[in-house]
Each structure stands twice: as C-alpha cells, then as structure tokens.
K.L.:
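One structure is given below, represented as structure tokens, and several questions about it will come after.
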Amino acid sequence: MRTLMTVMIKELTETFRDRKIIINGLLMVPLLVPVLILGMGALAQSRAETQLESELSLPVLGADYAPNLVAYLSTQNIRIEPPPADVEALISNQERDVILRIDESYADDWRQSRAATVEILFDSSRQDTQIPLRRVERALVGYSRQAGAVRLIARGVDPALNQAVQVTYRDLATDEARRGMLLAFLPYLLILTAFLGGAYLVMDATAGERERQSLEPLLATPASRVAIMSGKIAAACVFGMLVLLLTLLSFKLSFTFVRSGPFAGMEVTMLAIGKLLIILLPMVLIGTALLTLISASVKSLKEAQSYMGILMLLPVLPTAILLVNPVKNALWMFATPFLAQNQLILMVLRAETISMVQWATYLGAGFGLGAVLWCIAASLYHSERLAISA
Amino acid sequence: MIELTNLHKHFKTKTGTVTAVNGVSFRAEDGAITGLLGPNGAGKTTTMRILYTLMKADQGSVLVDGLDTTRDADAVRRLLGVLPDARSLYKRLTARENITYFGRLHGMDEASIRINTDRLVEALGMADFIDRRTEGFSQGQRTKTAIARALVHNPKNVVLDEPTNGLDVMTTRALRDFLKTLRAEGRCVILSSHIMQEVGALCDHIVVIAKGRVTTQGSPDELLKQTGESTLEDAFVKAIGADEEVST
C-alpha cells in the first residue's frame with residue numbers, strides 16, 4: 001500500500017510538472033465544452049427559426065394544371081417557383097429540398113371529384129429536408145381537407161361524418177427528457193473522456209518508462225511489481241477522474257450562461273455530477289487497466305499509441321447499435337461495458353431514477369471487468385521481458 | 001558475499017536460440033571489488049541481471065549473503081544496491097526527488113532517506129546539482145545521481161553494470177575513489193566493464209568472460225602469471241581468445 005501511494009504520488013508529480021500535458025490532457029476537453037454548448041445551441045436555434053419561419057421556395061411542375069392549389073400554397077408562406085429543367089439534378093445538388101409535381105390528369109380528376117394526384121419529390125437521407133417537407137405536406141393536407149369539406153357540404157353531408165376518429169396529441173416527455181435528446185452526444189464525450197482521459201499518463205508510465213530505460217532500476221528494488229503497477233494505474237485513475245470532474249463542472253458553468261436556444265434553463269446539479277462520476281469511475285479503471293495491459297505487452301510507446309485509434313471507436317459501438325436497433329432498458333445492458341455507461345448517463349440526464357438493482361449490477365460488472373484486466377496486466381508485469389529495455 | 005554457481009541462460013529469438021550465459025561461476029568476497037571483464041556481448045549484463053533477480057537462470061544458482069535469488073528474490077533485492085545498464089532518471093524530478101523515490105520504494109523512513117542522501121551527496125560531490133531537475137544533466141551528473149539512487153538504502157552488496165561508461169577522466173577518478181571507500185567499508189562490490197585498464201586499476205579479483213563462459217579469473221597478478229603475458233592488456237586479449245574483436 002505504501003509502495004502504491006509512493007508510485008502514485010511520483011507519477012502525478014511528474015505529470016503535473018509538464019505544462020503541455022496539463023493543457024492538452026487536463027484542460028482541453030473542459031475548455032471545449034462551453035464552445036460546444038453555446039455554439040451548438042445558437043446554431044440549432046437559428047436553423048430551426050430560418051427553416052420554420054422563412055418563405056419556402058417550392059418549384060412546381062405543372063402549375064398550370066392546378067391554379068387554385070398553387071394560389072392556396074402562396075398564402076401559406078410558400079413562394080412558387082417556375083419548373084426547373086432537370087428535377088433530379090436540383091434535388092441531388094441540394095439546391096432545393098422539395099419539389100412539387102402536379103399530374104396532367106389533375107384538372108380532370110378534380111372536376112369529377114376523384115382524388116387528384118400531386119407528387120412531392122425529396123431526398124429522405126438528408127436531415128435538412130425534414131422541415132420543408134413537413135411544411136409542404138401540411139399545406140397540401142390542409143387544402144385537401146378544405147376542398148373535401150366543401151364537396152361534402154355541397155352534397156348536404158356533415159364533413160364531421162368523414163372523421164370517425166379525431167386524433168389529438170399530448171406530449172408527455174418531461175422537459176429533462178426532451179433536452180436529453182439534444183444531449184445525445186454527451187454520453188459519448190463523457191465515456192471517451194473516462195476511457196482514455198488517463199491514457200497519456202498510463203502509457204507513459206509503463207511503455208514510456210520502459211523505452212526511456214528507467215524501468216529496470218525500478219523493478220530491481222524490493223517494491224512488489226503489482227504494487228508498482230497499481231500505483232501507476234491509481235495515478236492514471238486520479239488524473240482521469242480529475243479531467244471528468246473539470247469537464248462536468250465546465251458543463252454546469254456553460255449551462256448557466258446559456259440564455260436562449262434549446263439548452264436554456266438546463267441545469268446540472270451537484271447530485272447529478274456525483275452520480276455521473278460514480279458511473280464513470282469503473283470506466284476509468286477499465287480504460288487505464290486495459291492501457292496498462294497493452295503498454296506492458298508492446299515493445300514501444302509508439303506501438304502502444306497505435307492502439308488508440310481502435311480504442312476511440314469502442315465507446316461509439318453501443319450508441320451505433322442502439323441507433324439502428326433501439327431496445328428498451330434491460331438488466332443485461334447494465335452489465336455490458338460502454339452500453340451500460342451510455343444508458344446510465346442518459347438516465348441521469350433525463351432525471352430518471354436508477355434502481356438499486358441496476359446500480360448493483362452495473363458497479364459489480366464494471367469493477368469486475370476492471371479487476372480482470374488488472375489481473376492480466378499484473379501477470380504481464382511479472383514477465384521477464386518487461387524490464388529489459390534494450 | 002555473492003556466489004554464482006554454473007549459471008546458464010538462453011534466449012529464443014526469431015533466428016534460433018542464443019546462449020547468452022553458458023556456465024558462469026565465481027565468488028565475490030566482502031571488502032573486495034570484483035570485476036567482470038569481457039568484450040561487448042560476452043554475457044556480462046545478462047549475468048548481472050540474473051544476479052539482481054531481474055531474470056531467472058535456466059540452470060545454476062546465485063547466493064547473496066547465503067540467500068537464494070530465486071527463492072528469496074525480495075530479500076535479495078533488499079541486500080543489493082543495483083546500477084543497471086539502463087539507468088535513466090526521471091527528468092521532471094530533481095536529483096534529490098529521484099533518490100528519495102527509490103528510498104521510499106525500499107521502505108525507508110523519510111529521516112533515514114535524508115541522512116543517507118546527504119552522506120552520498122558528500123561522497124559523490126553532488127552538492128551543486130542535487131536540487132536541480134535532472135533534465136539537461138551531464139553524463140557524469142546523471143551517473144552520480146543513478147549511483148546515489150542505487151545506494152540510498154545503504155546496501156551491503158553493490159552491483160554496478162559498466163559504471164564508468166561515457167564518463168570523463170575526472171569523474172571516473174572520483175568514482176574510483178568512491179568505490180574504494182565502499183570496499184574499505186567492507187562491502188561486496190561487483191562491477192562489469194569492457195575496459196581493461198579500469199578493471200586492472202580497481203579490482204582485487206578479475207573474472208574474464210567471453211561468449212558466455214568464464215575463461216579465466218584471479219587477481220591482476222595471477223592473471224598475468226596464468227596467461228604468461230607482461231601487460232594486462234595482452235593478458236586480456238589472450239584470455240578472451242585471439243579471434244575476438246576487443247574494444248579497450
């Protein structure tokens with residue numbers, strides 16, 4: 001235990017004396033957060049405003065077939081444009097989001113009270129299309145309902161008869177939950193910070209020290225190798241948790257400065273920060289133990305760093321899988337690394353209650369995996385090869 | 001006292017098995033300086049690494065003050081002060097912090113660390129750089145710090161792998177005097193070197209190693225007698241085999 005503390009203090013002292021590491025490793029993420037929050041908020045708000053309220057330009061093919069419809073659309077804050085030469089090019093070049101095509105048979109169908117065909121051309125894979133598409137749809141449905149009602153009244157029928165069911169909507173999502181959706185990027189950021197926040201320190205403490213040839217004298221002392229390794233892991237954990245704490249405090253501070261936009265009125269309580277830190281603690285342990293394991297088995301610091309690319313992708317996996325295949329929270333999820341952190345962080349952000357069973361499952365699985373990685377790393381630390389640098 | 005008996009060590013490499021140490025035996029007495037002399041790649045460093053428990057021998061044994069290095073590795077490490085071939089310092093710590101760190105790892109209390117450090121600073125002449133960060137230290141300052149770090153726990157047995165490597169004449173002399181004090185204090189000192197003059201000027205007992213074997217051993221005078229040569233250099237060349245390329 002004394003060795004562990006000695007090694008930990010030495011590693012932290014060394015790290016904190018390097019100004020570049022302090023700036024890049026400790027302060028970069030916390031400083032980036034306000035920029036992200038304020039910037040994203042402003043951007044999202046201005047886009048929603050311009051798309052919802054500005055006049056929508058809508059090229060119409062065959063406007064001559066339906067002058068009344070076109071005239072109606074003009075009253076809905078939609079500016080009708082003449083038909084373009086190449087419709088598909090216009091969409092694929094992203095010059096217009098939506099194009100309306102009115103069928104030749106429109107006038108005939110209309111006169112004979114048949115459903116007249118109009119066609120909306122758009123690209124569903126583009127996020128930008130959503131708002132214009134919905135505006136055009138709503139305008140067309142409105143026109144259709146209005147004309148339909150007139151027809152029924154002309155035939156002496158109550159238009160309400162046509163509506164067997166009246167659908168109304170009431171959104172029960174809490175304010176926290178709605179904002180939680182906007183913060184979908186937050187779990188990834190936090191998990192990545194937890195997972196690799198101590199990366200520099202822990203790789204340098206094993207692979208770096210070996211490369212600089214200072215590991216051999218260290219291992220020639222009577223201090224146990226497991227204690228030395230644990231001290232290095234502990235130092236990286238302290239560093240990682242410090243980065244996380246600063247990041248979360250930075251979030252708290254940023255939200256208090258947001259006056260408008262989707263993040264306005266958002267608050268990060270100290271309780272939530274505490275919960276998030278507990279959630280991320282096993283992640284920090286898993287990350288540093290895994291990196292120690294890697295550092296102890298490779299030949300150089302460079303080789304250890306080459307694993308960073310793949311490690312950075314790991315936290316994305318659960319989010320990506322959930323995006324494609326959303327499933328309800330189940331207990332097994334809280335035992336799956338990365339997925340568990342993702343779900344728990346979202347729960348904290350949505351101000352949902354985490355049950356004792358969920359806590360126990362999560363912490364048991366998280367620290368369990370950390371302990372397994374720690375044991376493997378410890379066995380590697382005992383190998384003869386480790387100390388021999390050259 | 002350190003006793004090595006019939007040490008063997010093989011390494012597996014891509015091209016096959018390399019025999020680094022092939023039956024090395026010798027004894028290093030207390031109050032004497034024993035020199036391991038041999039060309040580069042003779043097996044000196046591997047022998048020493050086995051001796052300070054960093055490697056396990058395939059065969060043979062090492063006793064340090066009667067303790068076996070494989071069975072009582074921890075106890076043996078306590079009895080040894082080791083200056084390995086790889087001996088970098090932590091450059092963001094001061095020389096004193098480097099030494100203190102190792103003192104703590106030896107389980108010493110702060111007061112003893114301070115007393116022993118002051119003693120070593122005095123003996124090695126480190127006063128003007130002891131509280132400076134080691135980044136930018138000269139080779140001599142680095143070696144002195146590394147030696148102080150290795151001896152902070154006041155060990156009875158001292159093992160130094162090529163201690164004078166890269167040092168200028170003045171520092172080498174100072175180091176020689178320091179090693180002689182260690183001998184006078186009754187410690188058992190083992191050092192390795194590929195430089196014949198150095199071993200000749202300092203050692204009471206010389207063990208010549210070539211290709212993983214002890215080719216000859218004895219006092220400088222005995223070596224001259226055994227080889228029938230008039231100078232130590234000739235004796236060394238003859239002892240390691242004429243076909244060896246020697247760097248002196």
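Protein chains get the first letters and strands the later ones, always in sequence-line order, with residue 1 at the start of each. Computation of the quantities below employed the complete heavy-atom set of this structure, encompassing side-chain atoms and omitting hydrogens, waters and symmetry-equivalent molecules.
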K.L.:
Is Glu135(B) paired with Arg17(A) through a side-chain N to carboxylate O contact shorter than 4.0 Å?
P.N.:
no

K.L.:
Tell me if a side-chain donor or acceptor on Thr3(A) pairs with a main-chain N or O of Leu105(B) at a distance below 3.5 Å.
P.N.:
no

K.L.:
Looking at Thr6(A), Thr13(A), Ile228(A), Thr15(A), which has the largest count of heavy-atom pairs under 4.5 Å with chain B?
P.N.:
Thr6(A)

K.L.:
Does Glu384(A) reach the main-chain N or O of Lys56(B) with its side chain, forming a donor-acceptor pair under 3.5 Å?
P.N.:
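A pair under 3.5 Å: yes.
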
K.L.:
Please indicate whether Met5(A) has more than 12 foreign heavy atoms, meaning atoms of other residues, nucleotides or ligands, lying under 6.0 Å from its CE.
P.N.:
no

K.L.:
Quick check for you: to the nearest 0.5 Å, what is the distance between Ser88(B) atom OG and Arg212(A) atom CZ?
P.N.:
8.0 Å

K.L.:
Just how far is it from atom OG1 of Thr221(A) to atom CZ of Arg104(B), taken to the nearest 0.5 Å?
P.N.:
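Separation between the atoms: 14.0 Å.
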
K.L.:
To the nearest 0.5 Å, what is the distance between NZ (Lys10(A)) and CZ (Phe102(B))?
P.N.:
8.5 Å

K.L.:
State, to 0.1 Å, how close Pro217(A) and Ala86(B) come at their nearest heavy-atom pair, and which atoms those are.
P.N.:
CD-O, 3.3 Å

K.L.:
Is Glu122(B) atom CD crowded by more than 12 heavy atoms from other residues, nucleotides or ligands, each under 6.0 Å away?
P.N.:
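Result for CD/Glu122(B): open.
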
K.L.:
If you count the non-hydrogen atoms of other residues, nucleotides and ligands that lie under 6.0 Å from CZ in Arg176(B), is the total more than 12?
P.N.:
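More than 12 within 6.0 Å, yes.
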
K.L.:
Testing the basics here: between Leu54(B) and Ala220(A), what is the closest heavy-atom pair and its distance to 0.1 Å?
P.N.:
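Closest approach of Leu54(B) to Ala220(A), heavy atoms only: CD1-N, 4.3 Å.
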
K.L.:
Hydrogens and angles aside, do Tyr52(B) and Glu216(A) bring a side-chain donor and acceptor to less than 3.5 Å of each other?
P.N.:
yes

K.L.:
Which heavy atom of Leu219(A) sits nearest a heavy atom of Arg77(B), and at what distance?
P.N.:
O-CD, 3.9 Å

K.L.:
Name every donor-acceptor pair, under 3.5 Å, that has one atom in a side chain of residues 18-28 of chain A and the other anywhere in the protein, sequence neighbours excluded.
P.N.:
from: Asp18(A); atom 1: OD1; to: Lys20(A); atom 2: N; distance (Å): 3.1
from: Asp18(A); atom 1: OD2; to: Arg92(B); atom 2: NH1; distance (Å): 3.0

K.L.:
Pick one of side chain, backbone, both or neither for Ile9(A), based on which atoms fall under 4.5 Å of a heavy atom in chain B.
P.N.:
neither

K.L.:
Looking only at heavy atoms and a cut-off of under 4.5 Å, which of Lys91(B), Arg87(B), Glu97(B), Arg133(B) has the most pairs with chain A?
P.N.:
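Most heavy-atom pairs under 4.5 Å with chain A: Arg133(B).
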
K.L.:
Decide yes or no on side-chain contact (heavy atoms from CB on, under 4.5 Å) for Tyr90(B) and Glu209(A), but give the supporting numbers first.
P.N.:
CA-CA 9 Å; Tyr90(B) 301 110; Glu209(A) 200 168 308; 2.5 Å; yes

